[in-house]
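This report concerns only the one structure given below.
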Amino acid sequence: FVLLEGRSRADAFAVGREIATAVTAANPHPMELELEKVYHPCVLCTKKRYVGWSYESEKARPVFDAKGIETVRRDGCPAEAKLLEKCLRLLFTTNDLSAVKAYALRQFDKTLSGRASLQDFVFAAQVRLGTYKQESTAPPGAQVAVNRRRLDPRDAPDMYERVPYVV
């Protein structure tokens with residue numbers, strides 16, 4: 001990533017092509033650096049965790065692109081992913097934090113009043129039975145798997161199988 005504060009998307013593409021040309025010229029053939037895409041706007045959280053509107057060319061339509069954050073991770077529940085993605089899309093399209101806050105508060109109210117779907121709160125964690133020191137301190141998904149196995153030994157999940165549960 002290269003930060004170009006105060007520059008337009010067109011400037012970012014021009015600077016990106018210029019950098020790619022200079023780096024390619026400085027390296028032996030067949031090494032070639034190419035401009036992949038421009039993110040505008042975007043949020044960089046940490047290494048390998050970012051989200052933004054991705055443009056592959058100056059004329060292309062933007063694509064919502066998220067890497068490593070809760071909208072694409074599988075260790076959360078769908079409600080978390082949906083809420084975060086909608087908040088980010090609102091932020092990127094309106095640039096209005098009060099609209100994001102209002103949306104989040106409406107979703108929290110919907111959840112607290114019981115109008116949200118239970119399916120949106122189902123976690124699905126990978127289980128590695130036999131690798132925990134104590135079953136009583138194992139993660140919730142593993143505890144559900146142990147209970148399933150206790151009720152019916154034929155219903156025990158396989159190693160690394162995702163076990164659904166609700167907290």
Side-chain angles (χ1 to χ4, degrees), residues 1-108 111 119-133 138-142 145 157-165 167:
F1 286 94
V2 176
L3 177 62
L4 301 172
E5 285 187 84
R7 302 281 187 92
S8 69
R9 223 177 354 265
D11 291 342
F13 275 102
V15 170
R17 284 191 292 271
E18 188 178 307
I19 290 171
T21 302
V23 171
T24 299
N27 285 288
H29 182 75
M31 299 294 287
E32 181 182 352
L33 182 69
E34 68 177 77
L35 172 64
E36 193 173 318
K37 52 186 111 168
V38 168
Y39 284 89
H40 185 257
C42 74
V43 175
L44 303 173
C45 303
T46 60
K47 181 179 175 184
K48 296 183 181 181
R49 293 173 54 98
Y50 55 91
V51 61
W53 288 124
S54 167
Y55 293 84
E56 298 215 359
S57 72
E58 293 173 72
K59 304 287 187 220
R61 293 185 56 81
V63 175
F64 183 81
D65 193 12
K67 304 289 186 215
I69 66 168
E70 285 71 13
T71 59
V72 293
R73 293 176 58 92
R74 298 188 315 181
D75 55 356
C77 65
E80 172 189 24
K82 289 176 185 176
L83 177 71
L84 181 60
E85 182 172 334
K86 179 66 175 180
C87 285
L88 286 166
R89 285 178 182 269
L90 264 174
L91 179 64
F92 292 155
T93 55
T94 66
N95 210 18
D96 182 5
L97 282 177
S98 60
V100 174
K101 179 181 176 182
Y103 171 76
L105 290 174
R106 281 193 311 274
Q107 294 309 305
F108 296 150
T111 300
Q119 287 299 107
D120 284 342
F121 295 92
V122 175
F123 290 83
Q126 273 190 352
V127 174
R128 297 183 307 265
L129 291 179
T131 62
Y132 307 107
K133 290 183 181 176
D158 295 329
M159 185 69 102
Y160 299 111
E161 180 180 333
R162 291 195 165 276
V163 175
Y165 64 94
V167 177

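In this text, all values refer to a predicted model and were calculated from it rather than measured experimentally. Counting from 1, the numbers follow the sequence of the chain as shown.
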Contacts of type side-chain contact (heavy atoms from CB on, under 4.5 Å), residue [X], not counting sequence neighbours:
| X | answer |
| --- | --- |
| Arg74 | Gln126, Arg162 |
| Pro62 | Trp53, Tyr55 |
| Leu88 | Val51, Phe64, Ile69, Leu84, Phe92 |

Table please: side-chain donor-acceptor pairs of residues 27-42 below 3.5 Å, with sequence neighbours left out.
| from | atom 1 | to | atom 2 | distance (Å) |
| --- | --- | --- | --- | --- |
| Asn27 | ND2 | Val23 | O | 2.7 |
| Tyr39 | OH | Asp65 | OD2 | 2.4 |
| His40 | ND1 | Arg9 | NH1 | 2.8 |

Nearest atoms (heavy-atom pairs only) where [X] meets [Y]:
| X | Y | answer |
| --- | --- | --- |
| Ala142 | Ala138 | CB-CB, 3.7 Å |
| Gly141 | Val163 | O-CG1, 3.8 Å |
| Thr94 | Ala99 | OG1-CB, 4.4 Å |
| Ala12 | Leu4 | CA-CD1, 3.6 Å |

Going from [atom1] on [X] to [atom2] on [Y], what distance comes out if it is rounded to the nearest 0.5 angstrom?
| X | Y | atom1 | atom2 | result |
| --- | --- | --- | --- | --- |
| Lys67 | Cys45 | NZ | SG | 13.5 Å |
| Phe121 | Tyr165 | CZ | OH | 14.0 Å |
| Thr93 | Leu91 | OG1 | CG | 8.0 Å |

For [X], which residues count as a salt bridge (charged side-chain N to carboxylate O under 4.0 Å, His left out) partner, sequence neighbours excluded?
| X | result |
| --- | --- |
| Arg128 | none |
| Arg49 | Glu70 |
| Lys101 | none |
| Glu56 | none |

Does Glu161 reach the main-chain N or O of Asp158 with its side chain, forming a donor-acceptor pair under 3.5 Å?
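Flag set: sc Glu161 to bb Asp158 pair under 3.5 Å.
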Please collect all salt bridge (Lys or Arg N to Asp or Glu O under 4.0 Å) contacts where either partner lies in residues 75-94, sequence neighbours excluded, each pair once.
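Salt bridge (Lys or Arg N to Asp or Glu O under 4.0 Å) check on residues 75-94 returns Arg73-Asp75, Lys82-Asp120, Glu85-Arg89.
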May I ask you to test the Leu44-Phe1 pair for a side-chain heavy-atom distance under 4.5 Å?
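Of all side-chain heavy-atom pairs linking Phe1 with Leu44, at least one is under 4.5 Å.
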Quick one: does Phe123's side chain get under 4.5 Å of Pro164's, heavy atoms only?
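Phe123 does not reach Pro164 side chain to side chain.
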Considering residues at least two apart in sequence or located in another chain, which fulfil the side-chain hydrogen bond (donor to acceptor under 3.5 Å, both in side chains) criterion with [X]?
| X | value |
| --- | --- |
| Ser8 | Asp11 |
| Arg17 | Glu58 |
| Ser98 | Asp96 |

